Protein chains: 2
Amino acid sequence: MIGIVLVDDHPVVRAGLRALIDGQADLSVVGEADGLDAALAVVTSEGPDVVLMDLSLGTGKAGGAAVTAALRALPAPPEVLVLTTYDTESDILRALEAGARGYLLKDAPPDELFAGIRATARGETVLSPSVAATLVRRTTPGATTITEREVEVLELLSRGLGNKEMARELFVSEATVKSHLSHIYTKLGVDTRAGAVAAAIERRIIRT
Amino acid sequence: MIGIVLVDDHPVVRAGLRALIDGQADLSVVGEADGLDAALAVVTSEGPDVVLMDLSLGTGKAGGAAVTAALRALPAPPEVLVLTTYDTESDILRALEAGARGYLLKDAPPDELFAGIRATARGETVLSPSVAATLVRRTTPGATTITEREVEVLELLSRGLGNKEMARELFVSEATVKSHLSHIYTKLGVDTRAGAVAAAIERRIIRT
DNA sequence: CCCGGCATCAGCCAATTGGCCATCGCGGAG
DNA sequence: CTCCGCGATGGCCAATTGGCTGATGCCGGG
């Protein structure tokens with residue numbers, strides 16, 4: 001019997017997962033949590049085999065990646081299977097770096113979900129096809145390696161600042177800002193600031 | 001007994017709603033659908049009292065607002081209660097205009113959900129507190145009434161097009177595009193294209 | 001019937017942007 | 001030790017953008 005803890009701040013989603021999972025003979029939900037603290041408490045007390053983790057915990061709160069890291073830091077850490085709505089870049093990486101075993105999309109059919117849970121319990125890595133594809137795309141070519149500084153520029157950009165203002169904000173010259181922007185354009189495959197903002201938001205490089 | 005049909009493309013969410021609702025003596029889920037066609041089919045065959053509608057149906061597909069409109073156009077239309085993750089502007093309006101009775105957030109506690117369903121079945125209007133607040137905010141001041149045409153411009157803008165390209169795309173002159181942009185800037189409270197894209201995405205006027 | 005909002009278009013002008021090229025210091029990988 | 005990537009900078013120049021004023025046609029509400 002595989003013991004599972006659900007971490008998601010949506011009661012509806014928790015109920016859905018519980019209903020689906022409890023229909024499986026070899027799976028059992030042993031606890032639920034809606035945030036970081038509750039997750040730590042229930043995981044330490046129940047010692048589940050697998051934690052199903054929603055990445056987009058609430059708005060602005062400690063993200064699923066942070067909770068994942070916290071859980072993996074426990075003495076006998078559970079395997080973590082991330083379950084989320086989006087399949088866009090940076091979240092995936094952060095979650096996997098935080099120690100998640102796998103990554104499934106919420107709109108995955110139940111069968112895929114069950115298989116993923118069992119595989120995770122066995123210590124295998126599970127990735128949604130589209131997620132895997134994204135990862136491959138990401139590591140294969142020039143790899144969209146937006147540097148930290150470039151992210152800063154993108155954030156200011158999304159606030160509508162001009163080059164001069166960004167320069168002031170970042171304590172660099174306008175030329176430098178332009179340089180960063182040029183790099184951003186090539187990396188994101190766009191050639192305007194507006195396009196860069198949209199691309200950055202879409203790939204979750206920045207959030208709104 | 002109130003008959004309910006669930007329209008949501010996430011199996012997990014459907015299962016969750018079904019599990020929660022079936023725990024209520026006076027509520028019963030009589031059907032599920034994951035898209036426009038299925039929704040029309042199951043609603044005509046089951047004649048539910050209330051339809052629980054997810055607004056963000058899939059990516060790019062016919063949105064929940066469209067499905068709502070289609071359902072309300074049926075001979076004996078069911079009451080529609082929109083259930084969604086976000087409480088940001090434009091979606092709400094579109095759904096209500098499409099004939100939805102009310103609007104609840106997915107992270108609402110189950111009790112609120114049940115109460116909402118019963119109220120909707122009685123023909124009452126239900127709005128999540130935050131949604132109601134948003135509506136008030138929206139109608140009170142200058143009201144961010146982005147016109148349809150302006151949304152088109154914003155979409156092209158987010159794809160990084162220049163004024164000239166947008167003009168070609170929209171079959172108007174460059175001057176017209178600039179005019180639309182100026183209006184957009186004042187309405188969104190920004191003064192650059194990049195800022196406009198970010199603001200538009202944040203308020204869910206456009207999606208990525 | 002008039003007014004306001006929407007969409008359309010025009011011209012002017014200053015400021016900003018984006019492309020391109022070249023340089024420099026620094027720290028890590030080979 | 002050398003090469004490479006990142007961050008920072010300078011300059012040049014054409015194209016684009018954004019602000020402003022003003023005007024027209026159409027439609028719907030008061």
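Because the structure is predicted, anything quoted here is derived from the model rather than measured.
You'll find the side chain of B:Ile4 stays beyond 4.5 Å of the side chain of B:Arg18, heavy atoms only. Considering only heavy atoms from C-beta on, B:Leu20 comes within 4.5 Å of A:Val12 through its side chain.
The salt bridge (charged side-chain N to carboxylate O under 4.0 Å, His left out) pairs that include a residue from residues 145-166 of chain A are A:Arg149-A:Glu152, A:Glu150-A:Lys187, where partners are two or more places apart or lie in different chains.
As rounded to whole Å, 13 Å separates atom P of C:dC20 from atom OH of A:Tyr185. Rounded to whole angstrom, the span from the CZ atom of B:Arg149 across to the C1' atom of C:dG5 amounts to 16 Å. Rounded to whole Å, the distance from NE2 on B:His180 to C1' on C:dT8 is 7 Å.
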What dot-bracket string describes DNA chain C from 5' to 3', counting Watson-Crick and G-U wobble pairs whose defining distances are under 3.5 Å, with [ ] for crossing pairs and | for pairs to another strand?
||||||||||||||||||||||||||||||
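Of all the residues in residues 191-199 of chain B, B:Asp191, B:Thr192, B:Arg193 reach under 4.0 Å from DNA chain D with at least one non-hydrogen atom. Residues from residues 153-178 of chain A lying near DNA chain C, meaning a heavy-atom separation below 4.0 Å, are A:Gly162, A:Asn163, A:Lys164, A:Lys178 in numerical order.
With hydrogens and angles disregarded, no donor-acceptor distance shorter than 3.5 Å links the side chain of B:Asp8 to the backbone of B:Arg14. Between the side chain of B:Asn163 and the main chain of B:Lys178, no donor-acceptor pair closer than 3.5 Å is present. Between the B:Arg193 side chain and the B:Leu161 main chain, a donor and an acceptor come within less than 3.5 Å of each other.
In this view, B:Asp26 and B:Arg118 satisfy the salt bridge (Lys or Arg N to Asp or Glu O under 4.0 Å) rule, not counting sequence neighbours.
To the nearest 0.5 Å, atoms OG (B:Ser158) and CD1 (B:Ile205) are separated by 12.0 Å. Here B:Glu174 contributes atom CD and B:Leu181 contributes atom CG; the two are 10.5 Å apart, rounded to the nearest 0.5 Å.
Salt-bridge formation is not detected for the pair A:Arg101/A:Glu124: no Lys NZ or Arg NE/NH1/NH2 atom is positioned less than 4.0 Å from an Asp or Glu carboxylate oxygen.
Nucleic acid contact for A:Ser179: base, since at least one base atom lies under 4.0 Å from a heavy atom of the residue.
In this model, no donor atom of one side chain and acceptor atom of the other lie less than 3.5 Å apart for A:Thr176 and A:Ser179.
The span of DNA chain D lying next to chain B, judged by atoms under 4.0 Å from heavy atoms, is bounded 5' to 3' by D:dT16 to D:dG19.
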Under the side chain to side chain contact (heavy atoms under 4.5 Å, CB included) criterion, do A:Leu71 and A:Leu40 qualify, and how do the steps go?
CA-CA 7 Å; A:Leu71 292 181; A:Leu40 283 172; 3.9 Å; yes
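Where A:Val190 and B:His183 meet DNA chain C, the nucleotide closest to each residue was compared, and B:His183 sits on the side nearer the 5' end.
Partner of B:Leu83 under the side chain to side chain contact (heavy atoms under 4.5 Å, CB included) criterion, out of B:Asp54, B:Leu113, B:Val7: B:Leu113 alone.
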